[in-house]
Amino acid sequence: MHIFFHKMDEVKGRLLEKINSPADLKKIKLNQLPEVCNDLRNFIIDVVSTNPGHFGASLGVVELTVALHYVYNTPYDLLVWDVGHQAYGHKILTGRRDIFKTNRKYKGISGFPKRAESEFDAFGVGHASTSVSAALGMAVASKLNGDKERKVVAVIGDGAMTGGMAFEALNNAGANKSDLLVILNDNNMAIDPNVGGISQYLLNISKSHTYNRFKTDVWEGLGKLDGFGKKTRRFLQKNQHALKNMLLKQNNLFEAFDFRYFGPIDGHDVIYLTKVLNDLKDIPGPKLLHIITKKGKGFKQAEINQTKFHAPGIFDKITGEIYSCDCPVDQAPKFQNVFGETLVELAEQNEKIVGITPAMPSGCSMNLMIDKMPDRAFDVGIAEQHAVTFSAGLAAQGMIPFCNIYSTFMQRAYDQIVHDVAIQKLPVIFCLDRGGLVGEDGPTHHGVFDIAYMRSIPNMIVSAPMDEIELRNLMYTAQLNEKNMPFSIRYPRGCGIKPKWKQPFEKIEIGKGRVLSEGNDVAILTIGKSGIFAERAVKSLFLKNISAAHYDMRFVKPLDTELLTLVFKKFKTVITVEDGVIQGGFGSAVLEFMAQNNFTTKINLLGIPDKFIEHGTPEDLYKECGIDTNGIINSVLQVLGK
Ligand SMILES: Cc1ncc(C[n+]2csc(CCOP(=O)(O)OP(=O)(O)O)c2C)c(N)n1
């Protein structure tokens, strides 16, 4: 492999050290802004190489961030970031430089903008495509409050612009005429290369000299009228505005939404950016500024391998070598890879199988299928709602769709699951990656609601494998489509426990749990990954002379009522464990079963309490919620009064 060496400047950070707020930034001379950008970029590289987080996106908006805080009067003016993974520079310039080293750490600052963290973080975020709606709300509120001076700016990437919500907001904002600036940060990348008609449109518009020349002519007031006769010239001049609008609307998507479109301009020229932003400040109404940037700008390896450097883990800041965050050799692979490889294996055997991912092909490993069977695997853009209904359409015509969406992003598509899939009993297979506490991304990304939101939907089979072999077998079982119903399989982030996971497929009986340990003193009922902690707890309890039985229930719906009846007849104390919310989750399902069958057994429900869990390592967070091995042991000791 060819290694590129990143050149760090010898005298680093001199200007950045003086900046503790945007007020300090404003004291710096315009011609020194490139140096500020250089310092800021090096600071981000320095910190993120050792304390991992999102990387390429923040590097790409260094100039934009500096220009925005230079020109606008934040926090009075409101700056709304879309997704928020690109806001590291913003955090560093707004008083968080010294604590930036705690980024994403337990009790440290969040990796995303967060209202509770800083007055400069105008809107909390983590999921894509929300910025224009939120910014419009703020602009309208300013108008209603009589706050005429306040400016509102939304920064949205071309990836996030593929989300339907962004278009709902553009549609509304154009009609509303509020004073709002949307900056479209176009780097032609989501996490993977951006896909779809919009990304193609943005490419075309950026490349089309004809369009840009034409647009400039029009904006400059139809200056080149000399070739026309007198009458025509007078007509054109009189109707200049209407004509301009007509021509632009026909040629520009954003103009068609009644936004004034500016650009595309170079998003890495900080001085020019400040000039343009200053000009735009005085133009009323909804405006869109299209800037072209490079994801990973200024760090060679990140510019070349943009997907890997979206969130690379720890890396060498000189050579760009990534210190792999893969699972240790000889150990079990990541659950996502088991999904990706198994999907290809199943699809090779069953030609009806298709794969759908909303913009997460690398994240969920569906890139394996996209590479092998490009006609049968679809990256549909950041469009969870569409992904679900698109899958429903495929299923309606006899295909077997594996629709893989992170648990947290699936929240977006709830009505589509209910209305388009479940009511019609369409056999879509939902694979919910990143179920449970995901760790450093924090509350916007924890996949803790899915068990509760899936189990309340009629016709839905709800399952969660404890390990990789179970995941494989559940995927195998789901595509057999015996029940002709939607089937959800949720599994966690990270590595599993079975190095030898590639076993021959075995059908799992739907709605049947399994006994992992027999015991007499207490029964531990688990779903999904919690079973791993419970297995360890059972071993420790054995050493304390406590005989715990362990049941991996595998299905939250249908529940294995036969197994539960045996358990509740035998045991006086039962514990349920899940890495999802307690309210309405797996434990609740067991409680409902108890009530319906008049069992009065002593029961402890372990799971996520009724609050948002912050960020930290998964270990920290599982411990905090008392659902790791020790938490289960303590709960057993407590119910047994020991
Ligand atoms: C609703 C939702 N789906 C998926 C994601 C995962 N995700 C995080 S960043 C990203 C790509 C964003 O691309 P873009 O908006 O162009 O920003 P860039 O990273 O290129 O700066 C995706 C898909 C998300 N945050 N929210």
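Because the structure is a prediction, the values reported are computed rather than measured. Atoms within a ligand are numbered from 1 in the order they appear, just like the ligands themselves.
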Which of the numbered atoms in ligand 1 are under 4.0 angstrom from any heavy atom belonging to G159?
13 (O), 14 (P), 15 (O), 16 (O)
Check whether the side chains of D158 and N194 place a donor and an acceptor atom closer than 3.5 Å, and report yes or no.
yes
Heteroatom distance test (A160, ligand 1): nitrogen or oxygen, under 3.5 angstrom
yes
Atoms of ligand 1, numbered as shown, that sit under 4.0 Å from any heavy atom of E384
1 (C), 2 (C), 3 (N), 4 (C)
With no hydrogens and no angle check, do the side chains of D266 and Y272 hold a donor and an acceptor under 3.5 Å apart?
no
Which ligand 1 atoms are under 4.0 Å away from a heavy-atom of A57?
19 (O), 21 (O)
What residue and atom, counting heavy atoms only, is the protein's closest point to atom 5 (C) of ligand 1, and at what distance?
F409 CZ, 3.3 Å
Please state whether the rings of F43 and F100 are parallel, tilted or perpendicular, taking 30° and 60° as the class boundaries.
tilted
Within the 3.5 Å criterion, strictly below it, is a donor on T74 or D77 matched to an acceptor on the partner's side chain?
no
Interfacing atoms of ligand 1 (cut-off 4.0 Å, heavy-atom, A190)
11 (C), 13 (O), 20 (O)
Could you tell me whether I191 approaches ligand 1 through its side chain, its backbone, both or neither, with non-hydrogen atoms closer than 4.0 Å?
both
To which protein heavy atom is atom 26 (N) of ligand 1 closest, and what is the distance rounded to 0.1 Å?
A128 N, 2.9 Å
Numbered atoms and elements of ligand 1 in range of K295, under 4.0 angstrom, heavy atoms
18 (P), 19 (O), 20 (O)
So which heavy atom in the protein is nearest atom 23 (C) of ligand 1, and how far is it from that ligand atom?
I382 CD1, 3.5 Å
Mutual orientation of the aromatic rings belonging to F449 and F612 [parallel < 30°, tilted 30-60°, perpendicular > 60°]
perpendicular
Taking atom types as modelled, is there a side-chain donor on H268 or T293 under 3.5 Å from an acceptor on the other?
no
With no hydrogens and no angle check, just 3.5 Å: does a side-chain donor-acceptor pair link Q336 and R434?
yes
Quick one: do the K295 and H310 side chains pair a donor with an acceptor below 3.5 Å?
yes
If you measure from each heavy atom of N187 to ligand 1, is any distance below 4.0 Å?
yes
Using a 4.0 Å cut-off to any heavy atom of G157, which atoms of ligand 1 qualify?
14 (P), 15 (O), 16 (O)
For the atom pair OG1 (T50) and NZ (K101), what is the distance rounded to the nearest 0.5 Å?
11.0 Å
H310 heavy atom under 4.0 Å from ligand 1:
yes
Heavy atom of G126, distance to ligand 1 below 4.0 Å:
yes
As an exercise, identify every atom of ligand 1 less than 4.0 angstrom from a heavy atom of R412.
1 (C)
What do you reckon, does M189 put a non-hydrogen atom under 4.0 Å from ligand 1?
yes
For ligand 1, find out whether one of its N or O atoms is nearer than 3.5 Å to an N or O atom of M360.
no
Is the closest side-chain donor-acceptor distance between Y106 and E624 under 3.5 Å?
yes
Kindly give the heavy-atom pair with the smallest separation between A135 and A154, and that separation in Å.
CB-CB, 3.8 Å
